[in-house]
Amino acid sequence: MSVTQTPPAPTTSRRLTTAKAIVEGIAQEMERDPGVVVIGEDVGAYGGIFSSTAGLLDRFGPDRVMDTPISESAFIGLGTGAAVEGMRPIVELMFADFFGVCMDQIYNHMAKIHFESGGHVTVPMVLMTAAGGGYSDGAQHSQCLWGTFAHLPGMKVVVPSNPADAKGLMISAIRDDNPVVYMFHKGAMGLPWMAKNPRSVGPVPEEAYETPIGRAAVAREGADVTIVTLSLSVQHALDVAEDMIGEGVDVEVVDLRSLVPLDRETVLTSVAKTGRLIVVDEDYRSYGVSGEIAAIVAEQDPALLRAPVQRVAVPDVPLPYARVLEDAVLPNRERIRAAVRRLTQA
Amino acid sequence: MSVTQTPPAPTTSRRLTTAKAIVEGIAQEMERDPGVVVIGEDVGAYGGIFSSTAGLLDRFGPDRVMDTPISESAFIGLGTGAAVEGMRPIVELMFADFFGVCMDQIYNHMAKIHFESGGHVTVPMVLMTAAGGGYSDGAQHSQCLWGTFAHLPGMKVVVPSNPADAKGLMISAIRDDNPVVYMFHKGAMGLPWMAKNPRSVGPVPEEAYETPIGRAAVAREGADVTIVTLSLSVQHALDVAEDMIGEGVDVEVVDLRSLVPLDRETVLTSVAKTGRLIVVDEDYRSYGVSGEIAAIVAEQDPALLRAPVQRVAVPDVPLPYARVLEDAVLPNRERIRAAVRRLTQA
Amino acid sequence: MDDKTRAELYRMMVLIRTYEEAILRDYHADKKPAFDIGAGLVPGEMHLSAGQEPVAAGVCAHLRQHDAVTAPHRPHHVAIAKGVDLERMTAEIFGRESGLGRGRGGHMHLFDPATHFSCSGIVGEGLPPALGQAFAFKRAGADAVAVAFAGEGAANAGVFHESLNLAALWNLPVIFVVEDNDWAISVPRRASTAIGNNADRAFAYGIPGARVEDNDVEAVYTTAGEAVARARAGEGPTLLEIHTLRLWGHFEGDPQAYRDDLDEVPGRDPIPRYEQHLLAEQVLTEDSIRQVRQEASARVEKAIEFAKQSPIPAPERAAEYVFA
Amino acid sequence: MDDKTRAELYRMMVLIRTYEEAILRDYHADKKPAFDIGAGLVPGEMHLSAGQEPVAAGVCAHLRQHDAVTAPHRPHHVAIAKGVDLERMTAEIFGRESGLGRGRGGHMHLFDPATHFSCSGIVGEGLPPALGQAFAFKRAGADAVAVAFAGEGAANAGVFHESLNLAALWNLPVIFVVEDNDWAISVPRRASTAIGNNADRAFAYGIPGARVEDNDVEAVYTTAGEAVARARAGEGPTLLEIHTLRLWGHFEGDPQAYRDDLDEVPGRDPIPRYEQHLLAEQVLTEDSIRQVRQEASARVEKAIEFAKQSPIPAPERAAEYVFA
Ligand SMILES: Cc1ncc(C[n+]2csc(CCOP(=O)(O)OP(=O)(O)O)c2C)c(N)n1
Ligand SMILES: Cc1ncc(C[n+]2csc(CCOP(=O)(O)OP(=O)(O)O)c2C)c(N)n1
Ligand SMILES: [Mg+2]
Ligand SMILES: [Mg+2]
């Protein structure tokens with residue numbers, strides 16, 4: 001189901017933060033479809049801890065924007081039941097890190113009902129959640145965990161890296177007849193109270209548009225080395241790519257945008273061109289996104305690779321609190337740059 | 001901490017099922033250490049739904065073998081707290097599929113306390129759980145999910161494929177000062193009420209011994225192609241390897257035994273020898289074990305691979321109920337054999 | 001209670017029992033001589049509801065097609081009482097393409113949009129979706145209600161608490177029905193539940209709670225009627241607990257060695273008891289009983305025949321229906 | 001209650017407040033002019049407990065070193081009252097190598113084996129580990145107890161229910177303390193909790209429950225004393241709820257625009273009130289108050305100085321301590 005099939009090129013000069021782009025996408029769909037409601041902790045008067053629902057309560061009232069008790073299983077499951085009956089709920093899980101208290105509703109119910117019903121029941125629901133670290137929030141509030149969601153079948157998983165995609169993917173997610181896990185990185189929201197990359201503010205068309213789920217974007221074309229990455233790390237990768245021009249290295253950056261479905265073609269095309277692959281992922285290194293990206297190349301044709309794959313990810317350690325420690329394990333610009341150098345100077 | 005450093009070669013002629021080997025390992029440790037207790041649903045009089053605790057109640061009494069309410073978060077967290085105070089609880093989560101109701105206690109607490117405490121607190125606990133399908137138990141009772149556990153840092157993850165390892169890994173897990181997730185495959189337990197491979201019964205030494213966590217086993221040496229696999233799929237892979245002799249193909253089978261820590265060396269050594277890699281995994285295909293194994297080769301040296309990696313896994317679909325459908329998605333002998341042929345005839 | 005209703009309750013209980021006996025038969029038929037859980041026409045775990053008919057019959061008698069029901073791992077009695085199509089349900093249990101879920105779901109995963117019925121194999125986790133259905137009904141201005149069934153074992157799961165609190169808080173038209181059959185697999189109620197009466201837990205949410213003793217279908221009917229009426233009138237949720245009976249094992253193949261109440265079980269079977277009662281009250285006659293049984297048997301065997309004749313799903317389509 | 005105890009309760013409350021004020025100061029010190037959550041000497045989320053001192057002081061006054069305590073995301077008051085080393089705790093909050101967790105944990109993850117103190121940032125999930133500690137104590141034949149603290153928001157999480165039921169069932173020496181500060185971030189109690197008094201939820205588990213109104217430290221002390229004595233005597237768990245006050249924002253940086261009770265907040269500060277009371281009762285004098293404050297200030301500043309002087313962890317060791 002879709003209203004606008006092709007996303008308009010963002011020719012607009014209007015610039016929004018990622019957070020405001022998300023809210024705009026939600027608001028436009030709420031206008032259009034009375035079945036869209038927003039449910040979660042602090043989504044009302046507070047506007048979402050990371051401003052993902054700011055202003056919606058004032059605009060749509062407490063019947064459509066509902067604060068909940070700290071009962072994630074109950075209210076996510078409520079979203080599922082409402083979706084089964086034809087509504088299109090957007091349910092916020094405040095931090096992805098909290099999935100452990102409600103994952104059964106997510107992966108055994110929301111994600112499996114369509115399949116178990118032989119396709120007879122649909123669950124058109126968005127589970128929105130905040131991911132990522134970089135501001136010393138410790139081991140229970142800084143995780144990305146998208147690999148965990150993407151591993152389990154039946155839910156789409158999207159991971160925008162910039163305001164325009166954030167809006168388009170939100171609209172696509174709401175209109176999708178499947179459950180979509182929408183994971184935004186706190187550090188890419190453009191929040192006034194957190195250090196940010198200027199790339200968290202960008203041009204966003206005013207009208208409603210879809211960004212297709214399952215299609216990666218070549219965020220920057222390059223000839224020498226491919227960085228496949230997602231979410232906030234795309235911003236870092238683009239920064240590094242610009243830096244590397246000075247060193248005569250032409251970096252291509254692939255922004256996955258969606259983990260499920262995964263756009264294998266765009267990854268393989270890029271690697272076929274450059275012969276060198278770096279995967280940058282803020283999730284844990286092992287058994288996750290970085291392994292999967294390396295694997296799709298190895299199972300397509302290992303000969304595409306002129307050098308070993310490099311993974312820049314969190315080295316299987318909980319996120320440490322102290323700034324220097326956290327910085328040491330996150331895939332920051334220095335680590336990405338070092339990987340590019342290793343790969344292009346080898 | 002260890003009592004027997006080197007596992008004795010199983011020269012014994014005594015044969016046990018995997019289930020009985022597990023129980024024997026637990027019982028020997030309970031004899032040795034009064035801090036070992038068994039906690040879970042139906043672990044007492046019933047003896048564990050998959051016989052993983054059969055007879056322990058009679059032998060050690062209700063103070064050490066305790067049935068619980070259906071309150072997984074509470075009793076797994078109870079295990080963690082008891083471990084922090086120096087006990088060595090073995091807590092059973094009846095099916096790995098139920099992780100969604102209690103994952104927070106597992107991955108945010110059991111697994112992270114040691115790190116968050118800067119190493120000052122240890123959590124010597126075993127979380128035992130049943131995995132796997134093959135008997136039409138449907139989408140919520142047939143999953144392996146070891147990729148999900150292995151992705152998250154702070155817990156070791158072991159996955160025995162045969163009775164001798166099952167006992168040794170259980171003893172190692174109990175003696176380990178870290179949380180160990182012990183995942184047995186129902187189909188490898190040798191239960192009288194489930195179809196089984198004869199490999200689920202095997203020689204098991206009587207004395208207590210450890211099987212080192214973090215070391216893979218070359219379950220069968222071969223020259224032409226490497227199958228890296230784990231748990232029940234090792235049994236299938238060995239069957240296929242024997243079949244393939246007739247076709248003149250010499251298959252090496254690597255039994256991972258432990259996902260965390262992962263024995264990269266054994267995998268790489270084997271692939272360096274054969275130049276051909278098949279990963280067989282009963283977990284979901286994407287973002288999991290099969291990707292990780294392919295990735296470690298791609299990041300070590302893609303030139304080791306004389307042909308593309310083959311993955312035989314569950315194709316990102318919930319486990320279907322109907323036998324023919326389930327069989328079509330499980331990594332059974334036919335699918336493994338086809339992968340070997342694809343790889344060796346190409 | 002009028003005689004028609006009583007006869008109807010009886011009829012429903014007999015239909016359910018007849019169904020479960022037929023499944024029992026076909027489930028075990030080809031698992032002999034040695035029981036193999038994965039073998040036969042009906043493979044996998046099988047949780048039958050014999051003995052618990054009064055709960056399903058008494059509650060669902062008040063429900064309309066548009067009302068929603070969620071059931072747990074032991075779902076057949078509830079599905080039948082809610083009016084789920086017997087043929088497509090049976091085909092699902094037999095893993096056939098004509099099943100409710102085209103054979104993908106199986107006995108613990110029956111979804112019927114026509115009657116708003118669903119179930120789940122994860123203990124307690126059927127409650128939140130029922131909240132959502134109630135939420136959708138309320139928002140649509142309909143007077144439909146949702147009923148969530150769960151065992152007494154489930155009443156100790158965290159999701160029970162969250163669901164009752166949220167339902168109470170948002171005044172949702174939902175009825176929680178706890179089927180207390182004394183056992184959660186091998187764990188007796190006294191080893192799982194700190195108090196004697198789960199209906200008392202309603203107090204923790206400021207909603208009405210009531211317990212029906214003795215597996216009494218008429219008491220269930222009356223009590224559930226009040227709860228459904230409250231919900232329809234917009235007065236919010238109710239928690240009911242029914243003391244019922246697990247006549248057979250937890251699942252088929254359960255040796256029940258742990259079970260200390262086995263001796264008294266046959267004497268507690270609710271169907272002969274109700275039958276005797278209705279005979280004595282002249283609501284039923286030997287003839288009408290025979291007719292009820294024959295009709296039940298005919299419907300059930302027709303459903304089973306339908307299932308057996310239905311095509312097995314095509315293996316090459318095993319990976320479909322993941323996404324709409 | 002004797003004067004010594006009252007003076008001691010006062011002293012503890014002042015120590016806690018002094019501590020929180022100092023953290024407040026140093027947390028914001030270098031986040032100016034624009035607030036940047038990740039910047040400064042103390043980065044990350046910061047949940048301060050000002051206003052909730054009566055709960056920690058009143059409860060922990062009954063605890064010994066070997067008793068265990070688990071606290072939630074807002075842990076400082078409880079840690080201090082439990083006797084956690086102020087210097088190492090502060091060093092942890094400042095992310096230093098000499099911290100309780102060598103800077104790995106941070107303000108929501110303070111672990112002190114010496115005083116059996118721990119905390120967790122996941123709402124409600126500190127309860128089960130407390131059960132386990134109580135379980136270990138009971139099994140060792142010790143009379144030690146465990147106390148689990150949680151906010152009123154946490155009392156709607158499923159894990160609350162599971163933990164109370166299991167503790168009651170196994171008769172564990174554990175005390176559950178709900179700190180009702182009216183708010184769960186921006187969600188007022190009336191929008192989260194279906195009933196007015198969480199202590200009433202004790203009824204659902206057959207254990208005693210009591211609510212203390214008005215943030216009254218002496219009432220907390222008395223009520224907690226009974227609960228701790230019961231637990232020590234092997235009589236099982238108790239649920240307490242204390243109506244307390246969140247004097248500041250949920251976390252630092254919280255604009256509190258949602259908060260409709262802000263006007264009355266200053267007047268409800270428990271410390272001046274108790275101070276006035278003890279002055280009137282001649283338990284304290286202006287002099288002794290000054291002394292208490294000075295001592296608190298000296299201890300706190302020493303701890304902060306210790307933290308600031310402590311080395312920052314070595315980045316090359318960032319991946320250590322995952323496994324023992
Ligand atoms: C969360 C979860 N834990 C454990 C199980 C395994 N299990 C299935 S049924 C059952 C017992 C349920 O008891 P009860 O709720 O009383 O229902 P009954 O079987 O008696 O109808 C258990 C423990 C499960 N399915 N889900
Ligand atoms: C399971 C879970 N859900 C949500 C959160 C986010 N969160 C942190 S504190 C908080 C409010 C807690 O309220 P309460 O329990 O009353 O404690 P208070 O903050 O008032 O001390 C929330 C929702 C969390 N940490 N864990
Ligand atoms: Mg039961
Ligand atoms: Mg609060």
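In what follows, chains are A, B, ... by sequence order, proteins preceding strands, each numbered from 1.
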Trainee: Can you say whether M110(A) sits under 4.5 Å from chain C via the side chain, the backbone, both, or neither, judging by heavy atoms?
Mentor: neither
Trainee: Would you mind checking which part of T122(A) comes under 4.5 Å of any heavy atom in chain C, side chain (CB onward), backbone (N, CA, C, O), both or neither?
Mentor: side chain
Trainee: Just so I understand: if I count every heavy-atom pair under 4.5 Å between each of V84(A), I70(A), D63(A), V101(A) and chain C, which residue has the most?
Mentor: D63(A)
Trainee: Report the C-alpha distance between H116(C) and H66(C) in whole Å, list the side-chain angles of each, state the deciding distance to 0.1 Å, and finish with yes or no for side chain to side chain donor-acceptor pair (under 3.5 Å).
Mentor: CA-CA 7 Å; H116(C) 300 256; H66(C) 277 92; 4.6 Å; no
Trainee: Taking side chain as everything from C-beta outward and backbone as N, CA, C, O, which of these in V260(A) sits under 4.5 Å from a heavy atom of chain C? Side chain, backbone, both or neither.
Mentor: side chain
Trainee: Kindly assign one of parallel, tilted or perpendicular to the pair W170(C) and F135(C), based on the angle between their ring planes and the thresholds 30° and 60°.
Mentor: tilted
Trainee: Using heavy-atom distances under 4.5 Å, tell me whether K156(A) contacts chain C through its side chain, its backbone, both, or neither.
Mentor: both
Trainee: Once the angle between the rings of F98(A) and H141(A) is folded into 0 to 90°, is it parallel (under 30°), tilted (30 to 60°) or perpendicular (over 60°)?
Mentor: perpendicular
Trainee: Under 6.0 Å from the NZ atom of K308(C), do we count more than 12 heavy atoms belonging to anything else shown?
Mentor: yes
Trainee: Hey, can you tell me if F95(A) and F50(A) have their rings parallel, tilted or perpendicular (30° and 60° cut-offs)?
Mentor: perpendicular
Trainee: Please look at V37(A) and chain C and tell me whether the side chain, the backbone, both or neither of the residue comes under 4.5 angstrom of a heavy atom of that chain.
Mentor: side chain
Trainee: Report which part of I39(A) has an atom under 4.5 Å of a heavy atom belonging to chain C: side chain, backbone, both, or neither.
Mentor: side chain
